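What you see is a predicted model, and the numbers here were worked out from it, not measured in a lab. Counting starts at 1 for both ligands and their atoms, in listed order.
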Amino acid sequence: MAGGFDIDHGSKGTMKQYPGNLTWYVKFTCIIAALGGLIFGYDIGISGGVTSMAPFLQRFFPSVYHKEELDTSTNQYCKFDDLKLTMFTSSLYLAALVASFFASWVTRKLGRRMSMLLGGLIFLVGAAINAFAVNIIMLIVGRLLLGVGVGFSMQSVPLYVSEMAPYKHRGSLNVVFQLAITIGIFAANLINYFTSKIKGGNGWRYSLGGAMVPALFIFISASFLPNTPNSMLEKGDNDKARAMLRHIRGVTDKEVEEEFNDILAASEASKQVKNPWKNIIKRQYRPQLVMAILIPFFQQITGINVVMFYAPVLFKTIGFGDNASLGSALITGTVNVLATLVSVYGTDKWGRRFLFLEGGIQLFVFQVLLGALIGWKFGVSGNVTELPKWYAIVVVVFICIYVAAFAWSWGPLGWLVPSEIFPLEIRSAAQCIVVSVNMFFTFLIAQLFLTMLCHMKFGLFLFFAFFVAVMTGFIYFFLPETKNIPIEEMSRVWREHWFWKKYTLQENQEGLQV
Ligand SMILES: OC[C@H]1O[C@](O)(CO)[C@@H](O)[C@@H]1O
């Protein structure tokens, strides 16, 4: 790429290239771990549909139900604006945020695997409480537990996969995590579609209880997963770590030597660090700290969760009936899964920057078009009685193109890039920042979206488009390419970057860092 923002691959001669194959064992463990994303996705997809089911509203949020019944206003922008209801959706993300701090400690001290196990178990309990909820307290307690489960998984899975995967395939294997999130969202939309038709008004129980299935699966499979070599070294099991590394790379003792020694050195350095939180604010880690905050923030400020949480509400607003709105949500769900596959294929081939930049431009264009299209028909008053069919179809198509762009760029890369740029001595703490920032903005947008739509109207799409333009520029200037670079060699991308090099430690002629 022009402009010298890429790392010069001409220097490949001096870049380490650890031997290793994409063994079945590594594929299997990474895919099983990445399925941890299912529980998060299921939850994202289930809430919107459940909160638009009449029996659920009647039982837990009667005031919202009556308001909706009595609402004769034709202002489509402000129909569903209710704080308590959005609090139900978003409370989970606050719990996940708080949990990620505990999870950071567990991931460092007890290993990535223990963190995944705990995540699955707590999520399972939360889902059961929700399925049998008889009052709002049970509903909220269940949701808080789901949040804790999600926090533990988000903390551990991306790190687990990045540490297990051979560096040339790290991107694809890591994107499977986001793929699992999108499959979870899709499955949830599908389940809502059917449960909303169940007679007797208990459909929502099946929707919420369905979360027990992926949770059980994750809990059971995580108990068979091995720890990563890095985790074993953090706990002082050097021999086991070497044997594990050799096994997952499918190479001989001699061939694994160099990579093992580098991880060992990283682990020794990390043990010197008593407080990773103090460490991460040191000037030398400034690029990583900035990315740990901005990447998840940018991922959420694309506005993607407006579509994910509120697709049924959104489609209802633009004039689809109850059934049609869930149906359309299924369409966006399918696009989300399929487009993520593009990233599984392409991230190690075309690189992270290419996907970020292409995705950013596509997001921007279609967000502006959507804003214009909605503004044109709904105007500022939001009063509209009938919409032509072609109009609704164009809106759905544009939303799909927007979702596709997100699904091969910011969706997966928002997890992949942070998980591969942190040196071991700050890894757990930095991942905790990534999860917390992501959860915080997921919370904020879930909480504010309906109010924002009510006040900003079609301008809301332009608001998100503005941020997409900013983040695309940011990637162009400040994010170095990280594809095909071993994690232990990653410090070099910052040392060679036009902007970040002034923050990092440089190597002197003898190769020592100063
Ligand atoms: O696929 C869309 C989903 O992906 C995420 O950004 C997580 O990576 C969620 O916040 C969103 O709902």
Side-chain angles (χ1 to χ4, degrees), residues 34-49 89-90 92-94 96-97 100 146-147 150-151 153-155 157-158 161 171 174-190 192 292 294-314 329-344 347 352 355-356 359-360 363 399-419 431 434-449 464 467-468 471:
L35 291 181
L38 279 178
I39 56 177
F40 181 39
Y42 187 87
D43 195 85
I44 294 168
I46 215 76
S47 331
T89 305
S90 50
L92 183 150
Y93 303 98
L94 279 188
L97 191 166
S100 69
L146 294 181
V150 166
S153 311
M154 308 305 269
Q155 172 74 23
V157 174
V161 176
N174 212 301
V175 174
V176 178
F177 176 59
Q178 176 72 12
L179 186 68
I181 296 180
T182 61
I183 293 174
I185 298 177
F186 176 74
N189 284 341
L190 193 69
N192 271 342
L294 285 186
I295 290 182
F297 164 67
F298 284 152
Q299 191 209 50
Q300 287 305 314
I301 204 79
T302 53
I304 187 66
N305 278 321
V306 163
V307 178
M308 294 300 140
F309 293 139
Y310 299 111
V313 175
L314 199 70
L330 285 182
I331 299 179
T332 52
T334 313
V335 171
N336 199 14
V337 174
L338 295 181
T340 307
L341 285 171
V342 174
S343 202
V344 174
T347 182
R352 292 39 162 166
L355 285 169
F356 265 133
L363 280 171
I399 289 183
C400 286
I401 299 177
Y402 160 82
V403 168
F406 176 87
W408 60 59
S409 62
W410 281 94
L413 303 181
W415 299 109
L416 166 63
V417 172
S419 78
Q431 179 68 5
V434 174
V435 178
S436 319
V437 173
N438 195 304
M439 292 299 129
F440 179 71
F441 285 99
T442 308
F443 162 78
L444 208 65
I445 289 175
Q447 193 64 28
L448 292 185
F449 161 67
F464 288 128
F467 280 100
V468 170
M471 64 186 84

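Those atoms of ligand 1 that come under 4.0 Å of a heavy atom in Thr182, given as number and element, are 1 (O). Taking every non-hydrogen atom of Ile44 and a distance limit under 4.0 Å, the qualifying atoms of ligand 1 come out as 9 (C), 12 (O). Every atom of ligand 1 with a heavy atom of Trp415 under 4.0 Å away is listed here by number and element: 7 (C), 8 (O). Using a 4.0 Å cut-off to heavy atoms of Ile185, the atoms of ligand 1 that qualify are 1 (O), 2 (C), 3 (C). For ligand 1, the atoms lying closer than 4.0 Å to a non-hydrogen atom of Met308 are 2 (C), 12 (O). When each atom of ligand 1 is checked for a heavy atom of Phe406 under 4.0 Å away, the hits are 2 (C), 4 (O), 6 (O).
Nearest heavy-atom pair across Pro412 and Phe406 is CD-O, 3.9 Å. Closest approach of Asn305 and Thr442 over heavy atoms only: ND2-CG2, 3.6 Å. In this structure, Thr302 and Phe464 approach most closely via the heavy-atom pair O-CB, 3.7 Å. Val335 and Cys400 make their closest contact through CG1-O, 3.4 Å (heavy atoms, listed as atom of the first residue, atom of the second, distance).
Polar contact check, Asn336 against ligand 1: a nitrogen or oxygen pair lies under 3.5 Å apart. Checked by distance only, ligand 1 and Gln300 come closer than 3.5 Å through their nitrogen or oxygen atoms. In terms of polar-atom proximity, defined here as any N/O pair under 3.5 Å, Gln299 does make such a contact with ligand 1.
Residues that satisfy the side chain to side chain donor-acceptor pair (under 3.5 Å) test with Gln431, not counting sequence neighbours, are absent from this structure.
The shortest distance between side-chain heavy atoms of Val176 and Val161 does not fall below 4.5 Å. Residues Asn336 and Met308 meet the side-chain proximity criterion, which asks for heavy atoms closer than 4.5 Å.
At a 4.0 Å cut-off, not a single heavy atom of Trp410 sits close enough to ligand 1 to count as contact.
Nearest protein heavy-atom contact of atom 4 (O) of ligand 1 is Gln178 NE2, 3.0 Å. Nearest protein neighbour of atom 12 (O) of ligand 1, counting heavy atoms only, is Asn305 OD1, 2.4 Å.
In this structure, CH2 in Trp415 is found 6.0 Å from CZ in Phe177, a value given to the nearest 0.5 Å.
Counting heavy atoms under 4.0 Å from ligand 1, residue Thr340 does not touch it at all.
Within the structure, every pair that satisfies the side-chain hydrogen bond (donor to acceptor under 3.5 Å, both in side chains) test and touches residues 399-410, not counting sequence neighbours, is listed here: Glu358-Trp408.
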